[in-house]
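The structure appears below as structure tokens.
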Amino acid sequence: MIYIQNVVKQYQTKKGVVTALDGVSIKIEKGKIFGIVGYSGAGKSTLLRMINKLEAPTSGSIFVEGEDITKVSEKKLRKKRQNIGMIFQSFNLFRSKTIENNIKYPLKLTKQYSKDEINTRVDELLEFVGLSDKKYDYPSQLSGGQKQRIGIARALATNPDILLCDEATSALDPETTDDILALLKKINKELGITIVIITHEMDVVKSICHEVCVMEKGKVVEQNNVFDLFTNPIHKTTKRFVHSVLNDDIPSVVKNDRHIYRFIFNQQQILQPVLSKVGRMFEVDFNVLYGSITELTDKLFGNLLIEVVGETGNQQKALQTLAAYGIEIKEVEGFENRLN
Ligand SMILES: Nc1ncnc2c1ncn2[C@@H]1O[C@H](COP(=O)(O)OP(=O)(O)OP(=O)(O)O)[C@@H](O)[C@H]1O
Ligand SMILES: [Mg+2]
């Protein structure tokens, strides 16, 4: 659906050249919810603006549905843009227009629809986002979450195949964030729209994304499906982001001289009582220091920090047996590696 190939974006500023994107390549498959995470200034918004060519890259190619949009004509580009909706952190609604007219705006721009078609479409969209009763209100009369729903309705007006979201939930409280994320999920599932979502909140990634890439200083430092990225982060920045939601620090009361292991369970293993079984088999005890089960893209991920207590030979046998069940086991050496 979207293929970004070796894209560089530089800005000339008074202080010199700023490289916002430094050789970025990513592939976003059709029908997926793709997350882009990174700290402030990493280049996320710049990358997103490349996809609908709000800005052109300094070099590199951007293929949207097979066509390099850096090379298409203005006319074709306008057509392509109708196929890409976008929503923003600050909603970007027209304050002086009613909700109805905000949603009508992109439809009128296309000059392809009759008045009746436009009216029907507006009603459909308002119903879809659950705000039919706000049709004649102005944006200032709506809450943040309602404004974002209208932003979404407007972005979907021209029936796009792609929806770009730049920090769409960052201005919202947690509960409203969940509502908007549920709506995005519904859009992806029911309408089959590919969604690209920028966020600095891993909770957002955890609850709706399929794939995610992590950006730092204009580069993509890691890309993976959500399950593998959370269960096995490789880059230091990814580890920090993952850590921010899994909260799996070793408690500070635990001294450095103990043998601590991290056990990673997948869905099937969570449903089997393997720990107690293996413990009895080899006469070892498992002392649980931390445990969590997280739902990631409809799969369960169990993460336990465990001290193994017992005779050394038996400990090893127990660990080997657990590994044979498919549980991933990593020794946590010292505790200096809490973050890296
Ligand atoms: N129009 C511009 N002119 C000059 N520099 C720019 C311009 N737009 C972005 N930059 C620079 O490019 C870099 C990436 O900016 P970008 O807005 O893409 O970051 P971001 O990851 O979206 O950050 P945030 O999370 O704060 O929104 C920054 O160093 C920024 O200062
Ligand atoms: Mg940004």
Side-chain angles (χ1 to χ4, degrees), residues 2-28 33-62 64 69-70 77 81 84-93 144 147-148 151-152 155 162-174 176-177 180-181 184 194-209 211-224 226 229 233 235-245:
I2 302 166
Y3 179 34
I4 295 169
Q5 192 181 33
N6 208 12
V7 163
V8 174
K9 176 67 184 179
Q10 293 181 322
Y11 293 104
Q12 305 290 338
T13 67
K14 279 183 199 143
K15 287 187 207 148
V17 177
V18 176
T19 304
L21 297 176
D22 189 5
V24 170
S25 297
I26 49 173
K27 243 185 214 164
I28 301 174
I33 304 182
F34 189 96
I36 301 175
V37 299
Y39 294 113
S40 188
K44 306 179 298 292
S45 298
T46 308
L47 182 63
L48 206 68
R49 288 199 297 268
M50 299 278 141
I51 297 174
N52 56 3
K53 212 181 169 187
L54 284 179
E55 283 183 76
T58 307
S59 65
S61 311
I62 294 139
V64 177
I69 56 157
T70 63
L77 185 63
R81 282 209 184 113
I84 306 177
M86 188 162 181
I87 57 171
F88 307 87
Q89 178 173 3
S90 50
F91 322 122
N92 290 17
L93 300 177
K147 282 182 203 160
Q148 194 58 289
I152 290 170
I162 299 169
L163 179 64
L164 308 177
C165 314
D166 193 346
E167 300 279 10
T169 57
S170 301
L172 306 174
D173 64 61
T176 313
T177 293
I180 295 294
L181 293 179
L184 291 175
T194 306
I195 298 181
V196 186
I197 183 162
I198 290 183
T199 182
H200 59 266
E201 296 166 301
M202 282 311 258
D203 267 327
V204 170
V205 174
K206 199 179 88 181
S207 51
I208 70 164
C209 293
E211 282 267 327
V212 58
C213 78
V214 181
M215 290 190 71
E216 188 169 73
K217 296 186 186 127
K219 287 186 168 39
V220 170
V221 295
E222 195 160 346
Q223 181 181 341
N224 213 334
V226 166
L229 190 109
H235 191 274
K236 200 170 160 197
T237 305
T238 315
K239 285 183 181 175
R240 268 178 193 268
F241 271 108
V242 168
H243 182 79
S244 71
V245 280

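Indexing begins at 1, ligand by ligand and atom by atom, following the structure's order.
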Any side-chain heavy-atom pair of [X] and [Y] under 4.5 Å:
X	Y	result
F34	C213	yes
T237	Y39	yes
I51	M86	no

Task: Closest contact, heavy atoms only, C209 versus I197 - done: SG-CG2, 3.6 Å

Task: Residue pair V8 / G23: nearest heavy atoms and the distance that separates them - done: CG2-N, 3.6 Å

TODO: Below 2.8 Å of the Mg ion (ligand 2), tally up the protein N/O/S atoms for me.
DONE: 1

Open item on the list: Return the OH to OG1 distance between Y11 and T19, rounded to the nearest 0.5 Å.
Closed with: 11.0 Å

Task: Pairs involving residues 194-205, ordered by first then second residue, that meet side-chain hydrogen bond (donor to acceptor under 3.5 Å, both in side chains) (sequence neighbours left out) - done: E167-H200

TODO: Please indicate whether K53 has more than 12 foreign heavy atoms, meaning atoms of other residues, nucleotides or ligands, lying under 6.0 Å from its NZ.
DONE: yes

- [ ] Could you pull out all residues at least two apart from R81 that satisfy salt bridge (charged side-chain N to carboxylate O under 4.0 Å, His left out)?
- [x] none

Is there any protein N/O under 3.5 Å from an N/O of ligand 1, and what does the full list of such pairs look like?
residue  : atom   : partner : partner atom : Å
ligand 1 : 18 (O) : S45     : N            : 3.4
ligand 1 : 18 (O) : T46     : N            : 2.9
ligand 1 : 18 (O) : T46     : OG1          : 2.5
ligand 1 : 19 (O) : G43     : N            : 3.3
ligand 1 : 21 (O) : A42     : N            : 3.1
ligand 1 : 21 (O) : G43     : N            : 2.9
ligand 1 : 21 (O) : K44     : N            : 2.9
ligand 1 : 21 (O) : K44     : NZ           : 2.9
ligand 1 : 22 (O) : S45     : N            : 2.9
ligand 1 : 22 (O) : S45     : OG           : 2.8
ligand 1 : 23 (O) : G41     : N            : 2.8
ligand 1 : 25 (O) : K44     : NZ           : 2.7
ligand 1 : 26 (O) : S40     : OG           : 2.5

